[in-house]
There are 2 protein chains.
Amino acid sequence: MTGGMAARRYECGKCPLRTRPIFRELTEKELCYIGRFKSGELTADKGATVLVEGTHSPHLYTVLQGWGFRYKLLPDGRRQILNYALPGDLIGLQSAVMEEMQHSVEALSPMLLCVFERDQLEDLYRNYPGLAYDITWLAAREEQMVDENMLSVGRRKALERAAYLIAFLHHRAVTIGLDARRGFAIPMTQQHMADTLGLSLVHTNKTIRRLINARLILWRDGGCQVLEFEKLTEIAGWAPDLHEKRPIL
Amino acid sequence: MTGGMAARRYECGKCPLRTRPIFRELTEKELCYIGRFKSGELTADKGATVLVEGTHSPHLYTVLQGWGFRYKLLPDGRRQILNYALPGDLIGLQSAVMEEMQHSVEALSPMLLCVFERDQLEDLYRNYPGLAYDITWLAAREEQMVDENMLSVGRRKALERAAYLIAFLHHRAVTIGLDARRGFAIPMTQQHMADTLGLSLVHTNKTIRRLINARLILWRDGGCQVLEFEKLTEIAGWAPDLHEKRPIL
DNA sequence: CGCGGTTTTGAGAATCCTCAAAACCAGTGG
DNA sequence: CCACTGGTTTTGAGGATTCTCAAAACCGCG
């Protein structure tokens, strides 16, 4: 079920993610420090739980490969997905900075994570203000994404919500250069979509089918593939905001 | 409509908020720096807009008095309230750290805000890692609150949502010592509640009435007063997490 | 071929929505 | 003191959306 610690594959200096154009470059000194800050790598199989609500993880992670999602549960088992984690995203900050996790994280596809020690965070803040600022930046961005998703669940209707979510995820994947070739699929089931949209599985299915029939998306390879990005954003009444460079830890 | 800059009333060292037991104490040095970091005070009348989506504010605020709320709008005017701002909360971090605001902030009651300059943030990060850490802490907490609200809007049903929201706000107010005397009212209209819960005004009204008829709350003085906190949390399936001390900027 | 997970379909029911109007209430000016 | 006004709360009614239940179809994999 779960993955485990893997032999370290990437030196931070040669991190294949870090060099992508969307990410901010670090100074030599910072890069070197990050290399020391990094304490290992973690692999997680599809479906594995990376972080658990209610626990206090001693780690902080940067996603290197794969997709994951953050979620919360109600006592009776109803699940709400809060956001997705893609390469470059930082997860576990809440438990690092506060008492304990208030949400869980699960792998949507096989993931490779970069592991940092919570204990060293204080040292980082003391000696690398630029990196500290980056962490705050990433926290602010995460909040921004949840805000946007909140608007969607609270005020958009089913078709708009579905269109927004798919466009949003597609855009994030494209932004970090995840597609390369046209036609990659977002690795999720309709149950995941339902739990993100705040809808039932049945109604989600019927809604998605409308998008498929309108030839805006395909559903295949165990996921969702976008055909008409513009049309989706139009239905959702949403325009992606184009960040310049952004930090990565 | 809007308020304006007021004569500075509070020295940070004598800030009546800061001394409340819930807030973490600062060192002498930090307190002194905050005093310099603070560039003034802002008052906002009830209904005034403090921050506007799409703009880039040069300021960052800590709420000293009063209630406010963060919200987003869809192109056609539908509104979703994301969270509320109470004394001790930091607002405007998104615009300070990133390009521009992705949400607006409006005063629910007359507010008094402590103003900080965005430009000095870099200096703060460089010289006061403890304060930088506090800012990250506050950002993580804000995200946590939106997460919780997201769970509510996505997965709870109307009555549960209303119970959760009221209990949540009541708990926050009590935590910062806002009630003193029993029986304060949360200063909001049912339209605000509707826009927070992701429900229509009419349905919100009928839902609230059920809570009133069950004698769990009162609706008066232009707001909501809690009678049976425990019962509300029970309906919502929610338990407030009790933070220890927390930072305030 | 069989199995578990996922998607699809149908149908009736509950929730929630919109429209519309009335009641209520606090503040304002006569 | 009272009428007027604008904002807020309340009520009713019909309709749309979304839900639950249940079963079938589909699909990749061992």
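Naming convention: chains lettered A, B, ... in sequence-line order (proteins, then strands); numbering from 1 in each chain.
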**Q** Only counting residues at least two apart or in another chain, list the ones meeting ring-ring contact (aromatic ring centres under 6.0 Å, His included) with B/F116.
**A**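 Checked B/F116 against ring-ring contact (aromatic ring centres under 6.0 Å, His included); matches are B/F37.
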**Q** Are B/L227 and B/L216 packed together at the side-chain level, in the sense that at least one heavy-atom pair is separated by less than 4.5 angstrom?
**A** no
**Q** When you compare the protein's N or O atoms with those of nucleotides 14-20 of chain D, which come within less than 3.5 Å of each other, and at what distance?
**A**
residue, atom, partner, partner atom, Å
D/dT18, OP2, A/H203, NE2, 3.2
D/dC19, OP1, A/S200, N, 3.3
D/dC19, OP2, A/S200, N, 2.9
D/dC19, OP2, A/S200, OG, 3.0

**Q** Give every donor-acceptor pair under 3.5 Å between a side-chain atom in residues 73-92 of chain A and any protein atom, sequence neighbours left out.
**A**
residue, atom, partner, partner atom, Å
A/D76, OD1, A/R78, N, 3.2
A/D76, OD1, A/R78, NE, 3.2
A/D76, OD2, A/R78, NE, 3.0
A/D76, OD2, A/R78, NH2, 3.2
A/R78, NH1, B/R155, O, 2.9
A/R78, NH1, B/E160, OE1, 3.1
A/R78, NH2, B/E160, OE1, 3.4
A/R78, NH2, B/E160, OE2, 3.2
A/R79, NE, A/D195, OD2, 2.7
A/R79, NH2, A/D195, OD2, 3.0
A/Q80, NE2, A/D195, O, 3.1
A/Q80, NE2, A/T196, O, 3.0
A/N83, OD1, A/R172, NH1, 3.2
A/N83, ND2, A/E142, OE1, 3.4
A/N83, ND2, A/E142, OE2, 3.0
A/Y84, OH, A/T196, OG1, 2.5
A/D89, OD1, A/R141, NH1, 3.3
A/D89, OD2, A/L86, N, 2.8
A/D89, OD2, A/R172, NH2, 2.4

**Q** CG of B/D221 versus C1' of D/dT8: gap in Å, rounded?
**A**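 One finds 14 Å between C1' of D/dT8 and CG of B/D221, rounded.
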**Q** Rounded to whole Å, how long is the line connecting atom CG of B/D195 with atom C1' of D/dT8?
**A**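 To the nearest whole Å, that distance equals 14 Å.
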**Q** Is the A/Y71-A/H103 ring centre distance short of 6.0 angstrom?
**A** no
**Q** Keeping the roles fixed (side chain from A/K72, backbone from A/Q102), state whether a donor-acceptor pair exists under 3.5 Å.
**A**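 The answer is yes, because a donor-acceptor pair under 3.5 Å joins these two groups.
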**Q** Tell me, please, the opening and closing nucleotides of DNA chain C, 5' to 3', among those with an atom under 4.0 angstrom from a non-hydrogen atom of chain A.
**A**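 The protein-touched segment is C/dT6 to C/dA11.
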**Q** Sort and list the pairs that fulfil side chain to side chain donor-acceptor pair (under 3.5 Å) and have at least one residue in residues 198-216 of chain B, not counting sequence neighbours.
**A** B/Q190-B/N205, B/R209-B/N213
**Q** Through what angle, rounded to 10 degrees, does the axis of the helix from C/dC1-D/dG30 to C/dG30-D/dC1 turn between its ends, using five pairs per end?
**A** 30°
**Q** Report the distance from atom CG of B/L108 to atom P of D/dG7, rounded to the nearest whole Å.
**A**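 The distance from CG of B/L108 to P of D/dG7 comes to 17 Å, rounded to the nearest Å.
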**Q** Look at the side chain of A/H171 and the backbone N and O of A/F168, then say whether any donor-acceptor pair between them is shorter than 3.5 Å.
**A** no
**Q** Spell out, as yes or no, whether a donor-acceptor pair under 3.5 Å connects the side chain of B/S109 to the backbone of B/W67.
**A** yes
**Q** Could you check whether any side-chain N or O of B/S104 sits under 3.5 Å from a backbone N or O of B/E53, counting only pairs where one atom can act as donor and the other as acceptor?
**A** yes
**Q** Hey, is the main chain of B/L51 close enough, under 3.5 Å, to the side chain of B/T49 for a donor-acceptor pair?
**A** no
